[in-house]
Amino acid sequence: ARSDPMNNLLALFELIGVFARRRYLAAEQHFAAIGLNHTEARLLTLLHQDGGAAAQDTLSSQLVIDRTNVGRAMKRLEQEGYITRRKDEADKRANLVEMTAKGRKAVRDIVRIRDRMAREFFGDLTDSEAGKAVALLNKALNKAEA
């Protein structure tokens, strides 16, 4: 029996949803061990990738989640001493976010946790197999964004 390409596309679409939910749940569980949630860990990771400082709006748009959730996460990270926020001198309406030493330490923990999570998540998948999957998904993503 020949496979129907649309059934394969639909199966892939559904499988990505399953992976997304499992990844989110795993992240919530693993990051809770260091006192963070998924959104807070992602925010600290993005801030680290931006060199430790960025505009709050930039971080918010990179997360692609509801602004109120970003605001709540920022507030908690600031209260717990992971970040500081201050008004941008050039644009008084904007906030600049900077990572503290506690935030930098948390990022080191986050990197270790994400590495362990990925290994557990994909089990016996080889690096080569993972590379092929990444290439195919990037191809689909680039097409979707075009």
Side-chain angles (χ1 to χ4, degrees), residues 1-85 88 91 94-146:
R2 220 179 67 197
S3 66
D4 178 354
M6 283 312 292
N7 284 345
N8 286 337
L9 288 174
L10 185 57
L12 179 60
F13 186 74
E14 293 302 321
L15 196 55
I16 288 171
V18 171
F19 273 120
R21 286 186 293 283
R22 285 185 182 174
R23 182 188 185 279
Y24 178 83
L25 292 172
E28 283 291 298
Q29 181 183 8
H30 282 80
F31 293 135
I34 61 169
L36 298 170
N37 69 32
H38 183 249
T39 301
E40 293 159 353
R42 286 183 61 210
L43 263 168
L44 287 173
T45 301
L46 286 172
L47 191 54
H48 173 73
Q49 289 168 350
D50 285 344
Q56 184 169 327
D57 285 346
T58 302
L59 293 169
S60 189
S61 65
Q62 288 174 319
L63 279 174
V64 195
I65 59 171
D66 185 73
R67 291 179 85 77
T68 56
N69 288 339
V70 174
R72 193 176 307 119
M74 290 269 188
K75 184 176 181 180
R76 203 180 93 65
L77 288 172
E78 185 175 32
Q79 287 172 339
E80 296 293 323
Y82 293 98
I83 62 168
T84 59
R85 290 189 288 180
D88 185 345
D91 179 359
N95 279 323
L96 292 178
V97 181
E98 291 183 88
M99 197 176 316
T100 64
K102 183 177 180 178
R104 287 187 292 279
K105 183 204 176 300
V107 167
R108 289 191 296 274
D109 293 338
I110 290 165
V111 167
R112 278 195 299 277
I113 289 169
R114 288 178 66 204
D115 187 54
R116 186 175 65 236
M117 249 179 14
R119 281 196 306 274
E120 289 171 7
F121 200 80
F122 292 109
D124 295 334
L125 212 60
T126 67
D127 190 57
S128 174
E129 290 167 331
K132 290 174 187 169
V134 167
L136 289 170
L137 290 172
N138 273 327
K139 179 181 173 182
L141 184 62
N142 290 336
K143 194 74 167 172
E145 289 176 345

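Worth saying up front: this structure is predicted, and the values here are computed from it rather than measured.
Taking both residues in full, the closest heavy atoms of His38 and Phe31 are given as CA-CD1, 4.1 Å, listed atom of the first, atom of the second, then distance. Closest of all the heavy-atom pairs between His30 and Ile113 is CB-CG2, 3.5 Å. Thr100 and Gly81 get closest at one heavy-atom pair: OG1-O, 2.5 Å. Considering every non-hydrogen atom in both Thr39 and Asn69, the closest pair reads CG2-O, 4.4 Å. For the pair Leu44 and Gly103, the tightest heavy-atom approach, listed with the atom from each and the gap, is CD2-CA, 4.4 Å.
The line from CG of Leu43 to CD1 of Ile65 is 7.0 Å long, rounded to the nearest 0.5 Å. Of the inter-residue distances, the one linking Arg114 atom CZ with Met117 atom CE reads 7.0 Å to the nearest 0.5 angstrom. How far NZ of Lys105 is from CD1 of Ile110: 10.0 Å, rounded to the nearest 0.5 Å. Here CG of Leu47 is found 10.5 Å from OG1 of Thr58. Values are rounded to the nearest 0.5 Å.
Using a 30° and 60° split on the angle between ring planes, Phe122 and Phe19 fall in the tilted class, from 30° to 60°.
Panel note: side chain Glu40, backbone Ala73; no donor-acceptor pair is recorded below 3.5 Å. Side-chain atoms of Ser60 never come within 3.5 Å of backbone atoms of Arg67 as a donor-acceptor pair (strictly under, hydrogens ignored). Looking at Asn142, its side chain does come within 3.5 Å of a backbone N or O of Asn138 through a donor-acceptor pair. Proximity of a side-chain donor or acceptor of Glu14 to a complementary backbone N or O of Ala11 within less than 3.5 Å is not detected. In this structure a side-chain-to-backbone donor-acceptor pair under 3.5 Å is missing from Asp50 to Ala53.
Counting non-hydrogen atoms of other residues, nucleotides and ligands closer than 6.0 Å to CZ of Arg76 gives a total above 12. Within 6.0 Å of the CZ atom in Arg85, the count of heavy atoms belonging to other residues, nucleotides or ligands exceeds 12. Environment of NZ in Lys102: crowded, with over 12 heavy atoms of neighbouring residues, nucleotides or ligands closer than 6.0 Å.
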Begin from the C-alpha positions of Met74 and Asn95 and carry the test side chain to side chain contact (heavy atoms under 4.5 Å, CB included) through to its verdict. CA-CA 11 Å; Met74 290 269 188; Asn95 279 323; over 6 Å; no

Please determine whether side chain to side chain contact (heavy atoms under 4.5 Å, CB included) holds for the pair Gln49 and Gln62, giving the CA-CA distance in whole Å, both sets of side-chain angles, and the decisive distance to 0.1 Å. CA-CA 11 Å; Gln49 289 168 350; Gln62 288 174 319; over 6 Å; no

Decide yes or no on side chain to side chain contact (heavy atoms under 4.5 Å, CB included) for Val111 and His48, but give the supporting numbers first. CA-CA 11 Å; Val111 167; His48 173 73; 5.9 Å; no

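The side-chain heavy atoms of Leu46 and Leu63, taken from C-beta on, include a pair separated by under 4.5 Å. A heavy-atom distance below 4.5 Å is not found between the side chains of Val97 and Leu77.
Ion pairing between a basic and an acidic side chain is recognised when a charged N comes within 4.0 Å of a carboxylate O; Asp109 and Arg112 show such pairing.
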